[in-house]
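Each chain gets a letter, A, B and so on, in the order its sequence line appears, and its residues count up from 1.
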There are 2 protein chains.
Amino acid sequence: MRIGEIAALVGVTSRAVRHYHHLGLLPEPQRLSNGYRVYSVRDAVLLARIRRLSELGLSLDEVRDVLADDAGRELVEVLAELDADLARQEEQIRARRRRLAELTAGTMPPEGPVSPTLARLLRAMPETDSVVAAKDRELLTLLDVAGGGEEAIYDALHSLIESPDVLALYERLDDLADAAPDDPRVGPLATDLVGLLSDAVLDAMPEQDGPPLEGIGDAILADLAPAQAEVGRRVMEALVEKQRLRTQMKTDGEESG
Amino acid sequence: MRIGEIAALVGVTSRAVRHYHHLGLLPEPQRLSNGYRVYSVRDAVLLARIRRLSELGLSLDEVRDVLADDAGRELVEVLAELDADLARQEEQIRARRRRLAELTAGTMPPEGPVSPTLARLLRAMPETDSVVAAKDRELLTLLDVAGGGEEAIYDALHSLIESPDVLALYERLDDLADAAPDDPRVGPLATDLVGLLSDAVLDAMPEQDGPPLEGIGDAILADLAPAQAEVGRRVMEALVEKQRLRTQMKTDGEESG
DNA sequence: TAGAAACCCTGACGCTGCGGCAAGGTCAAG
DNA sequence: CTTGACCTTGCCGCAGCGTCAGGGTTTCTA
């Protein structure tokens with residue numbers, strides 16, 4: 001047989017056969033005087049085994065190992081391991097399909113496909129043209145993909161969003177779009193925002209191990225108008241202080257307990 | 001944000017971010033005077049979308065397409081197509097696992113993992129030290145992987161194998177190992193073999209479209225001792241003639257019908 | 001008997017989604 | 001001043017072949 005014939009016989013391409021030669025899976029057969037490879041039945045049998053094994057999903061390296069010590073002993077182990085691997089892959093695919101189903105089930109928010117939890121939250125947000133509100137939604141999608149999305153956070157955000165004051169606050173922020181950082185409206189707005197961010201929110205986000213936040217905080221502020229950024233800075237400051245006090249109280253309590 | 005920060009924020013590596021730049025998925029952001037990239041919130045949002053999409057299993061090219069016409073219209077199509085693709089993959093994996101289960105269920109023949117149908121046939125073959133019988137088994141594994149394995153062929157082979165004459169015939173072939181091609185035993189043996197290969201076998205292998213057979217026929221004969229090959233040649237000849245007659249009869253019947 | 005079709009040969013690049021290394025430059029802290 | 005943790009560009013490697021490129025050979029056909 002020549003290479004095309006043996007390849008057709010076992011259902012692979014000539015290129016694959018040469019590849020197996022190259023990898024040392026299949027020994028190079030004798031050559032005709034013109035350089036053509038000539039294959040024997042033994043080669044075909046070996047090639048067939050290679051194909052069966054690789055069709056099962058073994059890598060060519062694994063195939064070589066199995067063929068090497070043809071005790072048949074190791075084969076069983078490899079196949080068991082392979083099955084476990086396939087099981088993992090299957091589960092991954094099913095997980096993806098579940099997520100796909102979830103995504104295509106509801107209406108797709110303009111932010112693209114997000115987790116159902118976040119989708120609920122986004123739908124719960126009041127409809128508004130507010131620019132700041134739009135940025136807020138963007139930030140939420142970030143929180144979503146970052147995967148830090150604990151249940152508690154979403155609960156807290158839901159109660160935040162559903163507050164009747166929220167629309168007015170967005171408007172007041174929007175109004176600062178062209179204001180100077182020392183605008184007199186900055187202080188009161190910051191105070192009101194801190195008031196809204198109840199303990200529930202602070203409780204919900206306790207474990208922000210910091211590193212990525214440094215940079216992203218700056219980026220968020222840089223994305224806002226100067227006066228808006230100033231509000232943001234003050235709110236952050238106040239929250240950090242609030243958090244510090246809470247932590248300290250907790251620590252004191254533990255020490256005295 | 002710098003590259004490490006944005007990467008940590010959305011849960012990818014810096015290397016991946018640079019890769020997305022390279023592919024044009026994510027625009028190159030501004031640089032600091034030292035050459036460092038600085039990212040805005042908008043970049044992070046985009047990166048997050050990229051990650052969500054690619055996590056779903058879209059290729060990066062598909063991600064780019066989806067992001068390109070952000071109508072959200074095309075996204076639904078792509079996701080549907082993706083789900084179909086995943087369904088296919090899942091089915092493939094399950095099929096492989098089914099085959100694996102079948103294989104590890106029975107005892108593994110020394111020929112390696114073969115189809116259950118062939119395994120049954122191999123077990124049905126009489127136990128013998130016959131060299132020719134061993135080659136026969138090898139050829140069967142070839143037939144197996146070639147996938148030409150119609151039910152009918154296996155049925156026919158089963159009845160062949162179970163014939164009580166089969167062991168004697170193998171022995172007579174083995175005896176020709178060192179004989180000359182013109183050995184007087186060649187003719188009778190060929191006749192007897194043709195007798196055994198009943199119409200059932202001929203019926204079962206009607207559609208051998210030829211091309212691969214030319215080469216493999218020679219290879220099979222080359223694998224045998226001279227006298228054995230001579231037997232093989234005669235048997236083949238007789239079978240071809242038999243087949244020709246049958247075909248002609250069939251054609252005549254159709255023409256007159 | 002020539003020309004075309006169908007094989008064969010070697011060698012090398014392409015694909016996917018980055019990981020890893022090399023060979024640096026930069027920056028904050030000890 | 002030196003670590004150590006970042007950042008930069010650039011290139012190789014991975015699996016399993018597909019697909020040229022740039023030949024030569026054989027075989028069928030006109």
Undergrad: In terms of side-chain geometry, is the basic nitrogen of B:R98 or B:E91 positioned less than 4.0 Å from the acidic oxygen of its partner?
TA: yes
Undergrad: Is the side chain of B:D83 donor-acceptor paired with the backbone N or O of B:A80 at a distance under 3.5 Å, no angle test?
TA: no
Undergrad: By side chain to side chain contact (heavy atoms under 4.5 Å, CB included), which residues pair with A:D182, not counting sequence neighbours?
TA: A:A180
Undergrad: To the nearest angstrom, how far is A:E5 atom CD from C:dC8 atom P?
TA: 7 Å
Undergrad: For B:E102, which residues count as a salt bridge (charged side-chain N to carboxylate O under 4.0 Å, His left out) partner, sequence neighbours excluded?
TA: none
Undergrad: Under a 4.5 Å cut-off applied to non-hydrogen side-chain atoms, are B:L46 and B:P27 in contact?
TA: yes
Undergrad: Applying side chain to side chain contact (heavy atoms under 4.5 Å, CB included), name anything that partners A:E55, two or more places apart in sequence or on another chain.
TA: A:R51, B:R99
Undergrad: Go through the structure and list residues passing salt bridge (charged side-chain N to carboxylate O under 4.0 Å, His left out) with B:E90, not counting sequence neighbours.
TA: A:R94, A:R97, B:R94
Undergrad: Rounded to the Å, how far apart are A:I6 CD1 and C:dC7 P?
TA: 16 Å
Undergrad: Holding to salt bridge (charged side-chain N to carboxylate O under 4.0 Å, His left out), I want the full list of residues that pass it with B:D61, two or more places apart in sequence or in another chain.
TA: B:R64
Undergrad: Under the rule for salt bridge (charged side-chain N to carboxylate O under 4.0 Å, His left out), what residues qualify as partners of A:E28, not counting sequence neighbours?
TA: A:R31, A:R37
Undergrad: Taking for each residue the nucleotide of DNA chain C with the nearest heavy atom, is it B:R2 or A:G4 whose nucleotide lies nearer the 5' end?
TA: A:G4
Undergrad: Do the non-hydrogen side-chain atoms of B:I50 and B:V10 ever get within less than 4.5 Å of each other?
TA: no
Undergrad: From the 5' end of DNA chain D to its 3' end, which nucleotides mark the outer limits of contact with chain B, defined by a 4.0 Å heavy-atom distance cut-off (strictly under)?
TA: D:dC6 to D:dC11
Undergrad: What residues, two or more places apart in sequence or in another chain, satisfy ring pair (Phe, Tyr, Trp, His ring centres under 6.0 Å) together with B:H21?
TA: B:Y39
Undergrad: Mind listing the residues from residues 25-45 of chain B sitting with a heavy atom below 4.0 Å of DNA chain C? Number order is fine.
TA: B:N34, B:Y36
Undergrad: Can I get a per-line list of side-chain donor-acceptor pairs under 3.5 Å for residues 220-230 of chain A, giving both atom names and the distance, sequence neighbours left out?
TA:
unit_1: A:Q228; atom_1: OE1; unit_2: A:A225; atom_2: N; d: 3.0
unit_1: A:Q228; atom_1: NE2; unit_2: A:L173; atom_2: O; d: 2.9
unit_1: A:E230; atom_1: OE2; unit_2: A:R234; atom_2: NE; d: 3.2

Undergrad: Short of 4.0 Å, heavy atom to strand atom, which residues of residues 15-23 of chain A count as contacting DNA chain C?
TA: A:R15, A:R18
Undergrad: Considering all heavy atoms of both residues, which atom of B:L86 and which atom of A:I93 are nearest to each other, and what is their separation?
TA: O-CG2, 3.7 Å
Undergrad: With a 4.0 Å heavy-atom cut-off, tell me which residues in residues 88-100 of chain A come close to DNA chain D, sorted by residue number.
TA: none
Undergrad: Describe the nucleic acid contact of B:S54 in one word from base, sugar-phosphate, nothing, applying a heavy-atom distance below 4.0 Å.
TA: nothing
